[in-house]
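Have a look at the structure below before the remarks.
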There are 2 protein chains.
Amino acid sequence: MNRPEHSATFDSEATGGRWAVSVGGGMSVCPGRLGRYRVKTPEVYTDEQLRVVAHLYYREQLDQRRLGGLLNLSQAKVSRMLTIARQRGIVRFFVAECEPRDRDLERRIERKFDLESVAVVRTPDGMTPENKRQYVAYFSASFITSLISPQTKVVVAGGRSIGALIPRLPEDRHRGVTVLPALGVVDSVVAQVDAPELGRVLARRWGGRFMALDTPAIAPDRQTRDSVLRHSKARLVWRRLGQADAAIVAVGTPTNSVFANRYVVSDADHETLVGCGAIGEMCGRFFDRRGCECDSPWREQVISVELEHLKAFPQVIALVVGGDRSAALTAAIRGGLLKSLAIDVEGARALLEYEPVKKPRTVGRK
Amino acid sequence: MNRPEHSATFDSEATGGRWAVSVGGGMSVCPGRLGRYRVKTPEVYTDEQLRVVAHLYYREQLDQRRLGGLLNLSQAKVSRMLTIARQRGIVRFFVAECEPRDRDLERRIERKFDLESVAVVRTPDGMTPENKRQYVAYFSASFITSLISPQTKVVVAGGRSIGALIPRLPEDRHRGVTVLPALGVVDSVVAQVDAPELGRVLARRWGGRFMALDTPAIAPDRQTRDSVLRHSKARLVWRRLGQADAAIVAVGTPTNSVFANRYVVSDADHETLVGCGAIGEMCGRFFDRRGCECDSPWREQVISVELEHLKAFPQVIALVVGGDRSAALTAAIRGGLLKSLAIDVEGARALLEYEPVKKPRTVGRK
DNA sequence: GTGATGCGTGAATAATGATGCACCGAAAGT
DNA sequence: ACTTTCGGTGCATCATTATTCACGCATCAC
């Protein structure tokens, strides 16, 4: 009981994807597996037929069921025809330009700090910090992904920002990286945002393998740490940490770090650290305003990737949300700890405006 | 729930504007009561917010739930924001132009027959007759509506075509017409497409009132008819029929009319009618090729609007689907029975090509 | 203050759209 | 000729989106 639908003609610029989207003046049909479909889904429907269906659906606003009734098509068929109509560009969506990144700030930061690449994400006003993290994570995900080569070793730190980031990273089964956590388990109570957890997820996501670092992030004292590293099989992993190709890290402050938040950084500890000149933290290690690790007892207890190693990585990307990290960030950058940065507008502005208390003793670039 | 054959469904409550649609080069934000909303729903959201949501939804293809999670909005809110984004034109749909009407044929018919206005609807190939009716009805609905002034008296005939039309007529609570059926009940078994039924529906649809004609469409004989009209209170209604401002009618043939289809038009009757020169039918009345009512017994028994009255109406719109009505149509037009016409391409072509023949042999018999 | 009134909201729910699946017929392969 | 393959289809079902509903919070009139 059907349409003698036949009258093959025209050029169907078949496209994969689902929605033909156009933005601003130009128009970009969504990508996808073109050639395949071109062959697999030939001219089953006339452009004219699709136009009619599209017209009735989008302009006349008939729902698919009614529309099908009118043209004697099943609802499923209408749905499929609409998909094809979008693919062929018979229907296009124009979305007002919304540039989620501030290119200008990016340039300025890149120039000022001589960073490899910077993403500054515009966050809508009135977001809660958590929203902001999610938002920035979302919009910097592809940026960050693009900075990491397939088949490499990637170190992943923990924290809420990175915790927000990982699930947004585009799945990519062919990236096949080796993921290592920047540090071990911080607490017996495993948090979702601990580096090992995140690493595991990332490895799964990118179809890579994960190497666990089954050590505590912090040992009670130096001896313990050394023996852990000497005897444990984790030693291997730990050493590989130093030879990774890239790292995705967050930047903390003495008052706001993984440890400060979840741990024992007593007021006393805090004072000690500040006394040592600590101004920021990365991967569990505190550094001064030159970006050099502080020579505090912490240093002897932490089991994580070393700052000196980070410096040597071809790529180290920091994900920072918020405007209270300028000092730490500046220090880390000046110290050559970072190569790239993803940050929100607020943070970017603060960073640009931040003036180190003392003369910025620009430690040479990496 | 499958194939509702043809919808006995109601009207889809056109809920104001749902989609901002743009076509071709121009762009029209969906109508609806913008002004109203503009006032009722002032700048609750900034354009920027809407852009972000629209971007994430249309370009990044997040579903509303995920998107809401990202921005900390309920799914419902996202849905509403998208609606507003469409209304404000932040999102626009471009649909390839699809001209459902054939302007050229319309011109030619208007010119050739000196009709007031003509709509020729392009029907896709391979439709069943029922589909075609639905389709033509759909696309001629606004055309027909535009020809009928508010606050006037409208006569409505029956039949499948008009039955398909009525539910497609745009709702318009301010039209406030008075609807009268072209004729009474044809049978004790009321069909959905009988004039009284259709009239009722139309009146509801246009927020007007309906005047019932509680008489049979056909009386057994002249006496009965006269007495029905004399005594019945329907007389009033019947007389008003003659004073209406507009009519929406179909055109039948002696072999294919309301009566032929549903009733007693025996072969004998048929012969009688043809003998009288009947070539077409409208509102239960048969006419010859000059458009004059045939002087057959039928004429004395029918209780319906008179052709002479139709002639006097400022507006009479015929809705015709199919190419087998050319003779009847030509006669009706030549006789001045019609002012406007809505027809499909096939019918239009047939009409233009049709050449009246002297011999009443023209009526193709089946 | 004390209701009214209106607007915006999320949760629940209804409506609508997309898709997995089995089936069918045509064309290709054996 | 028979079998296989493959695109295309409708149905049933699942997923997503729109809307209904009751509520909370503000403003406004009394």
Side-chain angles (χ1 to χ4, degrees), chain A residues 1-8 12 14 16-20 30 32-33 35-46 49-50 53-54 56-58 60-87 91 93 126 128 131, chain B residues 1-5 7 9-20 30 32-33 36-46 49-50 53-54 56-58 60-87 91 93 126:
Chain A
M1 40 167 21
N2 267 343
R3 237 107 313 298
E5 48 216 342
H6 259 0
S7 344
S12 64
R18 305 216 312 249
W19 304 73
C30 79
R33 37 291 153 88
R36 250 224 13 274
Y37 276 145
R38 167 100 49 136
V39 176
K40 289 182 58 180
T41 309
E43 320 295 313
V44 184
Y45 305 109
T46 314
Q49 293 176 304
L50 296 178
V53 171
L56 289 167
Y57 185 75
Y58 287 104
E60 308 275 343
Q61 311 180 21
L62 287 181
D63 63 61
Q64 299 182 348
R65 207 168 302 280
R66 264 183 254 281
L67 201 167
L70 186 64
L71 268 50
N72 196 256
L73 305 166
S74 68
Q75 179 266 318
K77 198 164 182 174
V78 172
S79 174
R80 289 171 182 134
M81 290 178 78
L82 287 171
T83 300
I84 296 175
R86 286 186 293 256
Q87 288 174 347
V91 177
F93 297 69
T128 67
N131 281 148
Chain B
M1 329 319 187
N2 332 339
R3 243 51 355 231
E5 260 339 295
S7 52
T9 64
F10 299 98
D11 18 326
S12 47
E13 36 270 76
T15 328
R18 299 212 324 241
W19 303 74
C30 79
R33 35 296 157 83
R36 206 129 134 261
Y37 275 144
R38 185 70 62 104
V39 176
K40 287 180 59 180
T41 310
E43 316 298 311
V44 184
Y45 307 108
T46 64
Q49 291 176 304
L50 297 178
V53 171
L56 288 167
Y57 185 74
Y58 287 104
E60 308 273 342
Q61 310 185 20
L62 289 181
D63 65 59
Q64 299 182 347
R65 201 170 304 281
R66 261 180 267 283
L67 201 168
L70 186 63
L71 269 49
N72 195 253
L73 304 167
S74 67
Q75 178 268 318
K77 198 165 183 172
V78 172
S79 174
R80 288 172 183 132
M81 288 178 78
L82 286 170
T83 300
I84 296 176
R86 287 187 292 257
Q87 287 176 345
V91 176
F93 297 68

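Below, chains carry the letters A, B, ... as their sequence lines are ordered, and counting in each starts from 1.
Between the CZ atom in B:Arg65 and the CD atom in B:Gln75 there is a gap of 5.0 Å [rounded to 0.5 Å].
A straight line from CD of A:Gln75 to P of D:dG8 spans 18 Å, rounded to a whole angstrom. Rounding to whole angstrom units, CG of residue A:Leu73 and P of D:dC11 are separated by 12 Å. B:Gln61 has its CD atom 16 Å from the C1' atom of D:dT17, to the nearest Å. Remark: P of D:dT9 and CG of A:Leu71 are 14 Å apart, rounded to the nearest angstrom. We find that NZ of A:Lys77 is positioned 18 Å from C1' of D:dA12, with the value rounded to whole Å. Atom CD1 of B:Ile84 and atom C1' of C:dG8 are 10 Å apart (whole Å). Atom-to-atom, CG of B:Asp63 to P of C:dG17 comes out at 16 Å; the value is rounded to the nearest Å. Here the P atom of nucleotide D:dT16 and the CG atom of B:Leu82 are 15 Å apart, to the nearest Å.
With a 4.5 Å cut-off on side-chain heavy atoms, B:Leu56 and B:Val78 do not count as touching.
Not one side-chain nitrogen or oxygen of B:Tyr45 sits closer than 4.0 Å to the OP1 or OP2 atom of C:dG8. Taking only side-chain nitrogens and oxygens, A:Arg80 never comes nearer than 4.0 Å to OP1 or OP2 of D:dG7. B:Gln64 has a side-chain polar atom (N or O) that falls below the 4.0 Å cut-off from OP1 or OP2 of D:dA18. Contact annotation: B:Arg65 side-chain N/O to D:dA18 OP1/OP2 distance is not under 4.0 Å.
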Give the intermediate values and the outcome of side-chain contact (heavy atoms from CB on, under 4.5 Å) for residues A:Leu50 and A:Ile84.
CA-CA 8 Å; A:Leu50 296 178; A:Ile84 296 175; 3.7 Å; yes

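Judged by distance alone, the side chains of A:Arg80 and A:Tyr45 never bring a donor and an acceptor atom under 3.5 Å apart.
You won't find any donor-acceptor pair under 3.5 Å spanning the side chain of B:Arg66 and the base of D:dT17, going by distance alone.
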